[in-house]
Participant: 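What follows is a structure written as structure tokens; I'll ask about it next.
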There are 2 protein chains.
Amino acid sequence: MKFQYLVGIASVFFLAGCTTMPRGDNADLIIHNGQVLTINTEMEVIDDGVVVVKDDTIIAVGGHELMQQYQAQKVIDAHDGIIMPGMVNAHNHLPMIAFRGLGEEGISNRLFAYFFPLEAQKLSRDLIYNATKLGAIELAQSGVTTYADMYYHMDEMAKATKEVGLRAVLGETVIKFPVVDAKTPYGGVEYGKKFVEEYKGDALITPAYAPHAIYTVSKEKLQEIHALSEQQDVPVLIHVGEFPNEEKRLEGETQAKTPIEYLSEIGVLDQRLVIAHGIHLTPNDQKLLKEADVGIAYNPMANAKGATGIAPAWEMYRADMRIGLGTDGPMSSNQVDLVKTLSYAANMQRLKYSDRTIMIPEQVIEMATLGGAKALHMEDQIGSLEVGKKADIAIFETQSANMMPNYNPYATLVYQANPSNIDTTIVNGKVIMENRVMQTVKLDDIRDNVDAFEADIAEFAKELAKKAIKSKSLMD
Amino acid sequence: MKFQYLVGIASVFFLAGCTTMPRGDNADLIIHNGQVLTINTEMEVIDDGVVVVKDDTIIAVGGHELMQQYQAQKVIDAHDGIIMPGMVNAHNHLPMIAFRGLGEEGISNRLFAYFFPLEAQKLSRDLIYNATKLGAIELAQSGVTTYADMYYHMDEMAKATKEVGLRAVLGETVIKFPVVDAKTPYGGVEYGKKFVEEYKGDALITPAYAPHAIYTVSKEKLQEIHALSEQQDVPVLIHVGEFPNEEKRLEGETQAKTPIEYLSEIGVLDQRLVIAHGIHLTPNDQKLLKEADVGIAYNPMANAKGATGIAPAWEMYRADMRIGLGTDGPMSSNQVDLVKTLSYAANMQRLKYSDRTIMIPEQVIEMATLGGAKALHMEDQIGSLEVGKKADIAIFETQSANMMPNYNPYATLVYQANPSNIDTTIVNGKVIMENRVMQTVKLDDIRDNVDAFEADIAEFAKELAKKAIKSKSLMD
């Protein structure tokens with residue numbers, strides 16, 4: 001740990017020691033009395049640190065002396081907790097939270113027995129709106145301040161996300177068959193265009209396109225989306241390398257031996273692209289991804305649960321690539337918090353490379369914050385506690401039994417912490433949870449809606465269960 | 001899910017509907033208004049279920065109608081939560097909680113740089129007592145009601161464990177060099193004998209012997225311990241198959257090709273033995289373990305973190321062997337709760353066998369409860385909610401965002417739940433935590449002691465860090 005102190009921006013009215021003079025509020029929010037993990041280039045840790053916020057921006061990060069330089073109406077005492085950048089969940093399908101827990105009985109045809117009928121029959125605008133709110137509360141309660149999502153009716157998701165107060169990159173799904181919000185194949189392109197126009201420039205929402213995968217979106221449509229993303233300057237989110245040999249499922253001709261080579265061949269591999277999973281990547285794929293400055297969302301827990309494998313995340317992290325952490329959707333990992341994902345991020349790499357010295361806690365926390373910001377190409381705005389960045393901040397308490405002792409804050413977070421240890425979550429300078437109490441949307445506000453969709457879906461699921469095939473697993 | 005109701009034992013005074021007559025307290029504790037996971041042979045789930053306790057024993061489990069048959073001073077409303085058997089953490093070194101978080105910076109010589117000096121210099125009786133209390137609180141707060149441990153000064157551990165109110169199998173370590181509580185090689189045998197005599201027959205503590213491993217305890221001492229365990233009828237806990245080729249590190253002659261074959265060869269493989277890890281087991285080893293009725297503690301999270309591998313737990317579970325879940329010590333997994341371990345239990349097996357349909361949530365919960373009881377040869381007393389068993393019970397609330405929806409309670413517990421969702425923990429009929437408030441030892445009672453050992457160890461660790469060698473990992 002380093003104890004060098006950062007110097008905040010020049011303070012306009014430095015009145016330290018002059019307690020009798022009235023001092024103006026030169027800041028909006030001050031957080032103090034905690035261990036600040038800056039995640040800056042030097043990975044500085046500031047004991048008894050202070051973070052000062054004005055409007056939506058961090059204006060100073062440093063030691064206790066900043067308390068003399070800044071004044072604000074709102075002062076948060078971190079009570080010796082850990083103050084860190086809000087976490088970035090780089091891959092999700094948040095509204096699927098409405099379906100989580102279904103089809104968990106060892107079903108071999110889960111995609112057809114559950115996913116498809118649920119998405120075809122139950123994805124109303126209302127459901128997407130209410131499920132997003134539930135999911136966004138879970139995200140906020142676990143210290144996630146930004147998430148990236150690929151789903152449908154992204155305007156409903158945007159509305160719910162803004163009400164809860166999170167930052168998000170929301171990609172409207174484009175896929176070759178009709179879906180709930182697009183009655184014609186590839187209707188997501190048109191839906192997406194309107195959505196991008198509506199939300200471009202929003203303080204919290206970054207609209208995006210989300211072509212599903214190379215085997216469900218044609219070459220022409222991938223190129224059309226690429227052109228649109230250039231024109232409108234928005235991200236493109238896509239699943240790549242989740243399954244082996246995805247390129248073999250392509251309909252057209254290709255010389256490419258891998259999905260990444262294919263994306264390169266058709267000219268869409270660029271700095272606006274974010275790929276989810278990346279389990280099956282050759283060294284050449286990794287090189288292409290690095291050269292094109294593509295973002296990668298590593299989903300260690302979902303990929304283990306789904307038995308899809310372990311991405312070469314350590315190699316990409318060490319190659320200084322844009323790699324962040326995701327949970328995948330709640331039908332894949334059944335939870336959306338990154339806290340539980342932290343230990344998976346390390347432990348899966350250690351198993352993969354048979355090396356217990358790699359992916360140390362400090363690296364995991366960097367991946368969960370700045371890494372996610374880089375994966376989404378947002379590191380100029382978020383991912384660290386540095387002057388000029390947006391004020392997206394999570395505070396962990398360290399008073400609970402599981403947080404004791406706290407010798408190494410990174411290890412405490414990665415291995416000891418639970419989501420419930422998140423005390424306070426701040427997004428864009430706004431306190432959206434404080435002392436575990438949501439300040440924006442409260443769970444009780446939406447409980448009736450959740451109960452209603454749960455009852456409706458539970459009823460529908462009884463029918464689905466009849467079509468589910470219990471797996472003949474390897475062991476039978 | 002099955003909704004068949006269990007019939008409790010014959011009620012002596014059935015006075016349903018007769019509200020004016022005084023009714024005697026024919027029970028001590030009634031838990032109602034929750035979904036009861038019985039973990040009985042039929043894996044029955046009782047919606048709106050009731051569990052009735054008298055003294056330390058479950059006397060009825062069934063549906064809402066039991067509320068008419070039983071009366072008790074203490075009635076706990078589970079508020080639509082999940083009522084399940086307390087979990088069993090089948091492998092631990094709990095006092096190492098005092099050291100957790102140290103040596104997490106990618107150290108290649110962690111054993112020599114941290115473990116050994118910490119254990120040699122810092123393991124006072126006081127530390128073991130206070131650290132056990134801290135750990136036992138974390139266990140209770142996460143729904144663990146029984147744990148098995150291999151460590152030193154087990155009388156201190158027993159004292160602290162009983163004060164917190166947990167059930168435990170405590171094995172005094174036997175090892176070939178002098179240790180903190182035994183100044184001569186194998187001094188743990190004598191220490192253990194006294195400890196066994198002192199605690200044999202205790203309501204909560206099952207004393208045991210804990211020879212460290214086959215390569216740190218001689219054949220003669222393993223046989224001596226085996227004879228003692230037969231004579232005193234107590235368990236023997238040992239690490240086996242944590243590393244490859246442990247048999248090659250044996251000093252004496254052997255025909256055995258594996259550690260399990262060796263244990264069989266020297267005549268100590270029996271129904272009192274509990275092996276921890278079992279990562280490296282041949283099919284023949286598994287056969288020998290099953291024939292000898294040996295218990296196995298599977299530690300999926302610690303084994304992933306330590307990059308030691310994935311035990312063939314699914315094969316052993318399917319072979320109906322005595323396999324339970326453990327966390328290993330807090331310098332290995334950094335936490336002692338089983339809630340975070342649940343998803344690892346499933347996900348590691350799915351990765352190992354490349355099959356996402358195996359180790360379904362219902363099986364994981366069985367492993368975390370009855371499986372652990374079987375591993376410790378205690379299934380006649382604990383592990384399920386059935387009439388005649390000890391009242392060891394955990395109640396999860398289902399009102400938090402992360403617990404919604406709750407279509408399948410097993411999936412909710414394995415993938416959605418956090419330790420903080422545990423509301424109430426009951427051991428041997430005694431409520432040790434209620435509504436998240438500890439009823440026995442409170443964290444605040446020991447906070448000063450924890451702060452003191454943390455400060456002392458943090459100071460000492462600065463010296464240790466100087467001897468630590470940052471790893472040249474595979475990737476360097």
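Please read these numbers as outputs of a predicted model, since none were measured by experiment. Proteins come first, then strands; the chains are lettered A, B, ... in the order of their sequence lines, and each starts at number 1.
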Participant: If you take all heavy atoms of Lys340(B) and Ala417(A), which pair is closest and at what distance?
Facilitator: NZ-O, 3.1 Å
Participant: State whether the side chain of Arg110(B) and the backbone N or O of Thr357(A) hold a donor-acceptor pair below 3.5 Å, judged by distance alone.
Facilitator: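 It does not hold such a pair.
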Participant: Looking only at atom types and distance, does a side-chain atom of Arg447(B) sit under 3.5 Å from a main-chain N or O of Gln399(A), one as donor and one as acceptor?
Facilitator: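 At least one qualifying donor-acceptor pair exists.
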Participant: Give the minimum heavy-atom separation between Arg356(A) and Ile107(B), together with the two atoms involved.
Facilitator: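 Closest approach of Arg356(A) to Ile107(B): NH1-O, 3.2 Å.
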Participant: Is the distance from the ring center of Tyr344(B) to that of Tyr344(A) below 6.0 Å?
Facilitator: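 Tyr344(B) vs Tyr344(A): aromatic centres under 6.0 Å.
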Participant: Nearest 0.5 Å please: distance from the CD atom of Gln416(B) over to the CD atom of Glu138(A).
Facilitator: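 Nearest 0.5 Å value for the CD-CD distance: 7.5 Å.
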Participant: Which residue out of Thr412(B), Asn406(B), Asp451(B) racks up the most heavy-atom pairs below 4.5 Å with chain A?
Facilitator: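 Looking at each of Thr412(B), Asn406(B), Asp451(B) in turn, Asn406(B) comes out on top.
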Participant: Taking all non-hydrogen atoms of both residues, which atom of Leu134(A) and which atom of Pro405(B) are closest, and how far apart?
Facilitator: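 Heavy atoms of Leu134(A) and Pro405(B) come nearest at CD2-CD, 4.5 Å.
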Participant: Any chance you could measure Asn303(B), atom CG, to Leu351(A), atom CG, to the nearest 0.5 Å?
Facilitator: 8.5 Å
Participant: Return the minimal non-hydrogen interatomic distance between Ala304(B) and Met348(A), and the atom names on each side.
Facilitator: CB-CE, 4.3 Å
Participant: Indicate yes or no for a side-chain donor-acceptor contact from Arg100(B) to the backbone of Met404(A) under 3.5 Å, with no hydrogens or angles considered.
Facilitator: yes
Participant: Taking the side chain from Arg350(B) and the backbone from Gly306(A), do they hold a donor-acceptor pair closer than 3.5 Å?
Facilitator: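 Checking the backbone N and O of Gly306(A) against the side chain of Arg350(B), no donor-acceptor pair under 3.5 Å is found.
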Participant: How close do Glu104(A) and Asn408(B) get, counting heavy atoms only, and between which atoms?
Facilitator: CB-ND2, 4.1 Å
Participant: Check each atom of Ala346(A) against the heavy atoms of chain B and say whether the ones under 4.5 Å are side chain, backbone, both or neither.
Facilitator: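 Neither part, no heavy atoms under 4.5 Å.
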Participant: At a 4.5 Å cut-off on heavy atoms, which part of Ala98(A) comes close to chain B: side chain, backbone, both, or neither?
Facilitator: backbone
Participant: For Asp355(B) versus Ala307(A), what's the shortest heavy-atom pair and its separation?
Facilitator: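 Taking every non-hydrogen atom into account, N-CB, 3.5 Å.
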Participant: Is the closest side-chain heavy-atom distance between Met301(A) and Asn347(B) below 4.5 Å?
Facilitator: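 Answer yes - side chains close enough.
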Participant: Do Asp337(B) and Asn402(A) come within less than 4.5 Å of each other through their side chains, counting heavy atoms only?
Facilitator: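 Not in contact.
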Participant: Does any heavy atom of chain A fall under 4.5 Å from the side chain of Leu443(B), the backbone, both, or neither of them?
Facilitator: side chain
Participant: Would you mind reporting whether Asn418(B) and Ser420(A) have side-chain heavy atoms less than 4.5 Å apart?
Facilitator: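 No - every pair of side-chain heavy atoms lies 4.5 Å or more apart.
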Participant: Non-hydrogen atoms of chain B under 4.5 Å away: do they reach the side chain of Gln141(A), the backbone, both or neither?
Facilitator: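 Gln141(A) touches chain B through side-chain heavy atoms alone.
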Participant: Among Ser400(B), Ala461(B), Ser343(B), which has the most heavy-atom pairs under 4.5 Å with chain A?
Facilitator: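 Going by pairs under 4.5 Å, I would pick Ser343(B).
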Participant: Counting only heavy atoms closer than 4.5 Å, note whether Phe99(B) contacts chain A via side chain, backbone, both or neither.
Facilitator: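 The backbone, not the side chain.
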